[in-house]
Amino acid sequence: GIQVEQSPPDLILQEGANSTLRCNFSDSVNNLQWFHQNPWGQLINLFYIPSGTKQNGRLSATTVATERYSLLYISSSQTTDSGVYFCAASPQGAQKLVFGQGTRLTINP
Amino acid sequence: KAGVTQTPRYLIKTRGQQVTLSCSPISGHRSVSWYQQTPGQGLQFLFEYFSETQRNKGNFPGRFSGRQFSNSRSEMNVSTLELGDSALYLCASSLVGSADLNTEAFFGQGTRLTVV
């Protein structure tokens, strides 16, 4: 089955810095989503981005489907950006998400 | 518009018991999926239902089962609980049910199950 790998596993930055999180997937996908998991466990949708580029405020994402990777950019990081970020992909022909292991982002004041 | 609602939020059960978790999808969403999150295994897909039919199933033992009702609400059941079943169980709903067209999934707040 499809494999999803995220890097780096941990990222520690100072407030105001920019960060790039990467997601590689092993096969063609129909769906690619980025989530932020809040301290209570809920997965908050950041981007639904099977291909192309999207921006939402300080966050943006790019998926290059032909090269099987996606990037999440966070600019001018704030302490509230801290948490675990997950990338998840759906293999073609199946309505299910395969998750990466996550990137734990820590923003220090 | 209400989001995905999962009940209960927290649950403590004894080894050997069974448990039923409930998920109400976003209005109009017909696909409901379940996931288990543990520190060791991460987020893993359990199963997906569409129009009361299980369409996809993950690699979990038969003790894990589910169903979907005509109003798209879904339940999952775990029988003969084991300590290793302690986890956060997340439900997601999606708008379109076609197997060839995946649409954005939205998650509920989860049910945190502790087996003692």
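Letters A, B, ... are given to chains in the order of the sequence lines, protein chains preceding strands, and every chain is numbered from 1.
Atom CD of B/E104 sits about 11.0 Å away from atom CD1 of A/I49, to the nearest 0.5 Å.
With a 6.0 Å radius and a threshold of 12 heavy atoms from other residues, nucleotides or ligands, A/I44 has its CD1 atom above the threshold. Within 6.0 Å of atom CZ in B/R63, more than 12 heavy atoms from other residues, nucleotides or ligands are found, so the atom counts as buried in its surroundings. The number of heavy-atom neighbours closer than 6.0 Å to CZ of A/R22, taken from other residues, nucleotides and ligands shown, is above 12. Atom CD of A/E5 has 12 or fewer heavy atoms from other residues, nucleotides or ligands within 6.0 Å. Summarising the local packing, CG of B/N71 is surrounded by more than 12 heavy atoms from other residues, nucleotides or ligands at distances under 6.0 Å.
Residues B/L21 and B/F60 fall within the same hydrophobic cluster, defined by Ile, Leu, Val, Met, Phe, Trp and Tyr side chains chained together at heavy-atom separations under 4.5 Å. When hydrophobic clusters are built by joining Ile, Leu, Val, Met, Phe, Trp and Tyr residues whose side-chain heavy atoms come closer than 4.5 Å, directly or via intermediates, A/Y73 is grouped together with A/V64. No path of Ile, Leu, Val, Met, Phe, Trp and Tyr side chains, each step under 4.5 Å between heavy atoms, connects A/F35 with B/L95, placing them in separate hydrophobic clusters. At a threshold of 4.5 Å between side-chain heavy atoms, the hydrophobic network of Ile, Leu, Val, Met, Phe, Trp and Tyr places B/V19 and B/Y89 in one connected group. Cluster annotation: A/L32 and A/F47 are assigned to the same hydrophobic cluster (Ile/Leu/Val/Met/Phe/Trp/Tyr, side-chain heavy-atom contacts under 4.5 Å, transitive).
Within residues 34-46 of chain B, the residues having any heavy atom under 4.5 Å from a heavy atom of chain A are, by residue number, B/Y35, B/Q37, B/Q41, B/G42, B/L43, B/F45. Within residues 107-114 of chain B, the residues having any heavy atom closer than 4.5 Å to a heavy atom of chain A are B/F107, B/G108, B/Q109, B/R112, listed by residue number.
Nearest heavy-atom pair across A/N31 and B/T103 is ND2-O, 3.6 Å.
The main-chain N or O of B/E48 is never found under 3.5 Å from a side-chain atom of A/Q95 such that the two would form a donor-acceptor pair. In this structure a side-chain-to-backbone donor-acceptor pair under 3.5 Å is present from A/N45 to B/A105.
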